Engineer: 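Below is the structure I would like to discuss, written out as C-alpha cells.
When a residue number appears, it is its place in the shown sequence, counting from 1. Note that the coordinates shown come from a computational prediction; the quantities given were computed from them, not determined experimentally.
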Amino acid sequence: MDRPPTPIAEDPVIENSSHTNGKLMWFEFLLDNNLLENHLATENHDPSALELLEQFVDQAIRSLGTEETPEQKWKTLSLNLMALKVAAHLKWDLTVFKNRFPLYMVHKVLKDFVEHVSPVNFSIQSASSTICGLPDPILFALTTYNRWSIQTYIESALPSRQPKNPIQQPVGNTFNVAGVNEMVLKTVQRYSTLKECVSFLEFVVNLDRDVMIPDFHFFPNSPVFDQERPLNVSSNKISRSELLCLICFDLGLFYFHEKRHQKAAEMFQKTHTLLIEIGRSEYCKSLDRNALKGYLESCAYLTDTEDSKPCVSSDILASRLLRCQKSGYKGVVDILLEDNVRRELTCYQREVVLQEALSLVHLDPYLLIQICLCNAIRQSLENQPVSLTVLKGLNLVPQKYLEVASKFLEETVTQLKLPDRSKVVAFLWSIHCDRNLRPLLTQSILKFLCQKENQGRLKEEDEKVEVLQNNLYSQTSDHENMGVYLGQLTLRLILSHDPAELDELLTKLHKISTAGKYASAYNKWHIDKSYAFIIDGLGNKRRQDMIVLLLVKTQHCIELKNFTTAKRLLQAAHNLMKEFSSKLQRAIVNEMLYVDLLHAQDSSYKHLDGKLEETIKRIQTCCACVQNDREIRPRDAILRLCSLYIMNMQQWQLVKVIGEHDPIIKICANLVDIIQNLRDVAACRKPAAELWETFCGIFSYSNQTKRDFLGVPVKRNAKEMSGLKRMDVMNFITQMQSSLTLSVLISCLCKLYNSVKDDPSNILSHEYPAIWPRHVSSSNDVSIAAVSSALTRTLGHALEVNPDHPYWLKTKGDIQMASNQPVAALRYYLMAAAATSQYFQKPVPKEVLSEEVLRKMSKCFTTLKCYTQVAVLCQFMESIDYQAAFKVLQEKMCYDGGDAMYEFFWDMTILEYLVYMHHKRGEEEKKQVALRVLNHPELNTCNPAHILQAASQRRKAKFLSALAKQYL
C-alpha cells in the first residue's frame with residue numbers, strides 16, 4: 001500500500017493555501033515524490049532546507065490532533081519521512097537544529113529518526129561490544145539523540161535572560177508550546193535518562209571503525225505500512241575520528257558541568273588531538289574551537305596536573321597568569337610587563353588580578369604597588385582612564401615603599417616606545433598632583449614631564465628629589481614667566497582637595513596679587529547666599545577665599561560621593577571659623593551633619609549604625625536653628641535629609657520638631673499622623689485628606705511645565721513657582737526605607753489612581769482603603785499618566801526594599817492585570833501567596849488569596865486558555881463556583897495539560913462531572929484518570945471533616961506549587 005486512493009488535495013488546509021508568489025508550498029512535495037530531491041539540488045532554493053524542515057515537522061504535529069483516517073495517517077508518515085530526508089540533507093547538524101527550531105521540534109525529528117532506523121521491539125544491552133556492534137544507522141541515530149540530550153541538559157542548567165515579553169503562541173497552534181518544551185526538558189533532565197545517555201556515549205568512545213550515516217536516499221519516498229521496512233544503503237560516511245571528536249566534546253561538557261574536571265580535561269584533550277588529526281571536516285565545522293580552548297585553559301587551572309597543563313599553550317599569557325595567581329603571585333609582574341608590549345590580556349582580566357591582590361592580607365606591599373603601576377600604564381596605553389582600584393591600591397601602600405617603587409616606574413616608562421610615552425603623561429601628572437604619591441616620581445620622570453609641557457629645563461644631577469618637587473613650578477622674578485606661573489598655581493588650586501595644600505597655594509597667590517579673588521577661579525563654584533553674606537564681612541580676603549574654597553570643594557566631593565574628604569574639608573572650615581564667626585561655625589556643623597547623613601544613606605545606614613541617639617541629638621540641634629532668628633537657617637536640603645532619616649529610623653515624634661515650612665516636610669508630618677492613628681480610622685481621615693489634596697496638586701496638569709506654541713518653556717510667576725515639584729517629591733519618596741511609610745504612600749497612590757481612572761473592572765487593591773476620601777474634587781484636573789508613573793516607580797522601589805511584601809505584590813499583580821499582561825499578573829499573585837505561606841508549606845491566608853484575587857487569577861487563566869486551572873481555582877472560592885467550573889471544563893481547546901491537572905481536584909461534584917463529560921465524549925483514557933482521582937479513599941464524603949479538609953489543603957498546596965514552578 002503505497003498511498004491511499006483519496007486525493008491529497010481534499011485536505012482543507014491544502015485547499016485554503018495559495019502560493020501566488022511562485023514559492024513552493026509544503027503540500028506540493030506530498031504530490032510529487034521527486035520534487036523534494038530536485039528542489040534541494042538547485043542553488044539558492046526557496047524555501048530553504050531549514051524552512052522546509054520546520055514546515056514538515058509543524059504540519060506533522062498539527063495532523064496528530066485530527067481524526068486518524070488512512071489518508072491522514074499516510075499524510076503524517078509522509079511528512080515525517082520528508083522531514084528526515086531534509087535533516088539528512090543538512091548532515092544532522094545539531095547546532096543548526098538548536099539555533100533554528102524550538103526544543104520540541106528537534107526532539108520529534110531525532111525521535112522519529114531513531115524509530116525509523118530501529119526494528120520493532122528493539123533493545124540494547126549496556127556492553128561496549130554490543131553497542132559498538134550495532135548496525136551503522138542505529139548506532140548513528142542513537143549517538144545523535146544522546147548527544148542532543150546531553151547538550152540540552154547542559155544548556156537548560158545555565159542561567160539565561162528571560163524575554164521581556166511573553167512568548168506569543170503561533171497562529172493555529174493547538175497546544176501550549178512552552179508546556180510541551182517543558183515536558184521535553186523534564187524528560188531530558190531525568191537522572192535515569194541522563195545516566196543512560198552518558199553511559200551509551202562512553203561505550204561508543206571505544207568504536208574502532210568508520211560509520212555509514214543515513215543520507216537523503218536512505219529513507220523511502222512513500223510510507224511503508226508493513227512491519228518490515230526495506231533496508232536502504234547509505235552512501236555517506238563519517239570517519240571514526242570525526243564521530244569521536246563530537247562525542248568527546250559533548251562528554252567533556254557534561255563532565256565539566258558535573259565538576260569532574262579531571263575526566264573533562266581528558267575528553268577535551270582528546271577532542272583537541274582529534275581536531276588536529278582530521279583537519280577540516282564538514283561534520284565538525286560547527287564545533288566551537290574557541291570554547292574548546294577556554295575549557296582546556298580552565299581544566300588546566302582547576303586540575304593543576306601535569307597531564308592537563310600541556311593542553312594549553314605556554315605562549316598564552318592568560319594561562320600563565322592563572323598559574324602565577326595560584327602559586328602566590330610569583331612572576332606576575334613579568335607577565336604584566338610582557339602584556340604591556342603584547343597587549344593580549346584584557347584590562348578587565350588585569351583588574352580582577354589587582355582586586356584579588358588587594359584582598360590578600362599578607363601580600364608584599366612592593367609587589368602590590370608594582371601590579372598597580374603595571375595596570376595603570378596598560379590602561380593609559382589603551383587611552384582609558386586609570387581605574388579607582390589602582391588609585392585605591394596606591395594609597396593603601398605605606399609611604400616608605402613608594403620611594404622604593406619609583407625606580408621601577410622609571411624603568412617601565414623608559415622601556416616604552418616614544419609614541420607610547422606620551423600616553424602615560426596624564427597618569428604621571430595625576431601622581432604629581434597627589435602629595436601622597438609624589439615620591440613615586442624620580443628626577444628623570446620629572447624632567448620628562450617638564451619637557452613635555454615646555455616649562456624649561458630642570459637642574460639635573462646635583463638636585464635632590466624633594467628640591468625638584470618643590471621647584472617644579474619654579475618661582476622666578478622674570479615678568480615674562482609670571483603669567484605661566486600664576487596659571488599653574490590656579491590650576492593646582494582647582495584640582496587640589498587637601499586643606500593644607502589649598503592654604504599654601506592661596507598664600508603664594510596672594511603674594512603675587514592681593515587684589516585677586518581666587519575663590520571664583522572656576523565658574524561653577526557657588527555657595528549659599530546666607531553663607532556668602534557672612535563671609536563677605538570677614539575682612540581678610542585670603543581667609544574669605546579659603547573658607548569659600550573649603551565649602552565648594554566639599555560640594556564637589558559630595559557629588560563624587562567622597563564623603564571622607566568632604567568631612568575633612570568641613571572640619572578644616574570649622575577650625576578656621578573658631579575665632580572669627582561662631583555663627584558660621586554652627587552652620588558648618590549642620591553641613592557636617594548633612595555629609596554624615598548622605599554617607600549613611602549611601603551605605604544603607606551602616607555608616608551611622610549604633611549612633612542613633614547621637615544623630616538624633618544632632619538633628620534636634622540643627623532643627624533648633626530654624627526657630628532661632630539669630631542663627632543661619634539650615635538649607636532645605638539639610639532639613640529634608642534630616643526628615644528622611646527620621647522617617648527611615650521611625651522616630652515619628654521628631655518630625656514635628658523640624659516644622660512644616662517645607663512642603664516635603666509637611667508630607668512627612670501628614671504621614672506620621674496617619675501612621676500613629678492607623679488603628680483609629682476616624683483620626684486618620686483628617687491628615688489623610690491633607691495628604692490626598694497635596695498629591696492631587698502634585699499630579700495636576702497645572703503642575704506640569706508650561707510651553708508656548710513654539711515649545712519654549714513659559715516663565716512662571718512667583719505664586720506658581722511656590723508649588724511643589726513632582727520630581728522632588730518622587731526623588732524623596734524613592735529614598736524612604738520604612739515599609740510602613742511606603743505602604744501608606746502606595747495605598748494613597750492606588751486610591752488616587754482608582755478614583756481618576758474610574759474603571760470598575762481594573763480596581764487596584766491596597767492596604768488601607770478606608771482612610772482616604774472617596775472621590776477627587778475634580779478628576780479632570782489630575783493627570784492619570786503622572787499618577788500611574790509615580791505609582792509604578794514607588795511600587796518598584798518598595799519591592800526593592802522588601803521583595804516579599806504580600807500587599808505590594810498583589811498591587812503589582814493588579815497593575816499587570818490592568819495592562820493586559822496575564823502571565824506577569826499571575827507571577828506576582830503567586831509570589832504574594834508563596835511569601836505568606838513559606839512557599840506553600842502552610843495555608844495561604846485568605847487576605848492574600850481573597851475572592852477578588854482568585855477571580856482575577858481565573859480571568860488570567862481564561863485569557864491564556866488554561867481552562868482546567870480555572871476549574872481548579874473554582875474550588876478555592878468560599879462557595880464553590882460550580883457554574884463557572886462546568887462551563888470551562890466543556891472547552892475542547894485547552895493549553896494547561898488537561899487531565900494532568902485532575903489530581904488537584906478534591907470536590908466530588910466536579911470530579912463526577914468530569915467522568916460524565918468524558919464518557920459522553922467517548923474519551924476513555926481521560927475518563928479513567930478522573931475515576932482514579934474520584935476513587936481516592938481520602939476524598940470519600942463519609943470521611944470525618946478534618947480528613948477532608950487535610951486532603952483539600954494538600955491539593956491546594958500541590959496545585960499552587962505547580963503553578964509557581966510554571967510561572968515563577
Side-chain angles (χ1 to χ4, degrees), residues 165-166 176 743 746-747 749-769 784 787-788 791-792 795-796 798-799 803-837 840 843-889 891 894-896 901 904 907 910 955-957 959-968:
N165 300 319
N176 187 354
S743 292
I746 290 171
S747 179
L749 291 172
C750 285
K751 182 66 176 180
L752 186 59
Y753 177 89
N754 292 335
S755 300
V756 179
K757 186 75 172 178
D758 195 18
D759 183 5
S761 61
N762 289 309
I763 296 293
L764 304 184
S765 60
H766 49 102
E767 203 163 352
Y768 308 109
I784 185 63
V787 176
S788 176
L791 176 58
T792 303
L795 193 57
L799 288 173
D804 296 329
H805 197 289
Y807 281 99
W808 300 346
L809 291 169
K810 283 172 56 181
T811 304
K812 186 68 174 179
D814 292 343
I815 292 174
Q816 297 295 339
M817 184 77 182
S819 303
N820 197 23
Q821 296 290 337
V823 176
L826 285 170
R827 183 181 299 117
Y828 285 106
Y829 291 144
L830 290 169
M831 287 170 65
T836 54
S837 61
F840 312 117
V844 181
K846 290 185 178 180
E847 297 80 12
V848 177
L849 282 186
S850 60
E851 295 267 341
E852 181 184 0
V853 173
L854 290 172
R855 296 194 184 281
K856 289 180 179 179
M857 291 177 69
S858 298
K859 188 175 179 181
C860 293
F861 288 133
T862 304
T863 305
L864 298 172
K865 297 185 178 181
C866 298
Y867 299 114
T868 315
Q869 294 175 353
V870 177
V872 176
L873 272 186
C874 289
Q875 301 175 113
F876 282 66
M877 305 290 183
E878 191 169 346
S879 178
I880 298 178
D881 192 347
Y882 291 111
Q883 183 179 358
F886 295 160
K887 182 179 179 181
V888 295
L889 287 174
E891 296 286 344
C894 187
Y895 292 161
D896 57 9
M901 310 291 292
F904 303 127
D907 184 77
I910 296 177
R955 283 162 175 77
K956 283 182 181 180
F959 175 66
L960 292 173
S961 298
L963 293 181
K965 290 179 181 178
Q966 182 177 355
Y967 292 103
L968 296 185

Engineer: So, do Leu809 and Tyr829 sit near enough that their side-chain heavy atoms are less than 4.5 Å apart?
Structural biologist: no
Engineer: To the nearest 0.5 angstrom, please state how far the OG atom of Ser858 sits from the CD atom of Glu851.
Structural biologist: 10.0 Å
Engineer: Using a 4.5 Å cut-off on heavy atoms from C-beta on, say whether the side chain of Lys751 contacts that of Tyr753.
Structural biologist: no
Engineer: If you apply the rule side chain to side chain contact (heavy atoms under 4.5 Å, CB included), what do you find for Tyr882 with Asp907, and how did you get there?
Structural biologist: CA-CA 10 Å; Tyr882 291 111; Asp907 184 77; 2.9 Å; yes
Engineer: Between Met857 and Leu830, does a side chain to side chain contact (heavy atoms under 4.5 Å, CB included) hold up when you go through it step by step?
Structural biologist: CA-CA 9 Å; Met857 291 177 69; Leu830 290 169; 4.1 Å; yes
Engineer: Tell me the closest heavy-atom pair linking Cys860 and Ala825, and the distance in Å.
Structural biologist: SG-CB, 4.0 Å
Engineer: Only pairs at least two apart or in different chains count here, so list each salt bridge (charged side-chain N to carboxylate O under 4.0 Å, His left out) that has a residue in residues 805-814.
Structural biologist: Asp814-Lys856
Engineer: If you define the side chain from C-beta out and look only at heavy atoms, does anything of Val848 sit under 4.5 Å from Val853?
Structural biologist: no
Engineer: Is a side-chain N or O of Thr863 found less than 3.5 angstrom from the main chain of Pro822, in a donor-acceptor match?
Structural biologist: no
Engineer: Got Leu960 and Phe876 here, is their nearest side-chain heavy-atom distance under 4.5 Å?
Structural biologist: yes
Engineer: What residues form a ring pair (Phe, Tyr, Trp, His ring centres under 6.0 Å) with Tyr807, not counting sequence neighbours?
Structural biologist: none
Engineer: Got a sec, which pairs hit side chain to side chain donor-acceptor pair (under 3.5 Å) with one end in residues 868-878, sequence neighbours left out?
Structural biologist: Thr868-Asp896, Gln869-Gln966
Engineer: Is a donor on one side and an acceptor on the other found under 3.5 Å between the side chain of Ser747 and the backbone of Ser743?
Structural biologist: no
Engineer: Within this structure, what is the CG-CG distance for the pair Asp759 and Asn762, rounded to the nearest 0.5 Å?
Structural biologist: 4.5 Å
Engineer: Going through the checks in order, is the side chain to side chain contact (heavy atoms under 4.5 Å, CB included) test met by Cys894 and Lys865?
Structural biologist: CA-CA 6 Å; Cys894 187; Lys865 297 185 178 181; over 6 Å; no
Engineer: Would a 4.5 Å heavy-atom cut-off, applied to side chains only, mark Ile746 and Glu767 as touching?
Structural biologist: no
Engineer: Would you mind reporting whether Leu864 and Tyr967 have side-chain heavy atoms less than 4.5 Å apart?
Structural biologist: yes
Engineer: Show the nearest heavy-atom pair for residues Ile910 and Ala871, with the distance to one decimal.
Structural biologist: CD1-O, 4.4 Å
Engineer: Does any part of the side chain of Met831, heavy atoms only, come nearer than 4.5 Å to the side chain of Arg827, both counted from C-beta?
Structural biologist: yes
Engineer: Is the closest side-chain heavy-atom distance between Phe840 and Val844 below 4.5 Å?
Structural biologist: yes
Engineer: If you round to the nearest 0.5 Å, how far is CG of Leu849 from CD of Glu852?
Structural biologist: 12.0 Å
Engineer: For Leu764, does its backbone N or O pair with a side-chain atom of Asn754 as donor and acceptor, under 3.5 Å?
Structural biologist: yes
Engineer: Write down the atom of Ser765, the atom of Cys750, and the distance for their closest heavy-atom approach.
Structural biologist: O-SG, 4.2 Å
Engineer: Determine, step by step, whether Leu826 and Leu963 satisfy the side chain to side chain contact (heavy atoms under 4.5 Å, CB included) criterion, reporting the C-alpha distance in whole Å, the side-chain angles of both residues, the deciding distance to 0.1 Å, and the verdict.
Structural biologist: CA-CA 9 Å; Leu826 285 170; Leu963 293 181; over 6 Å; no
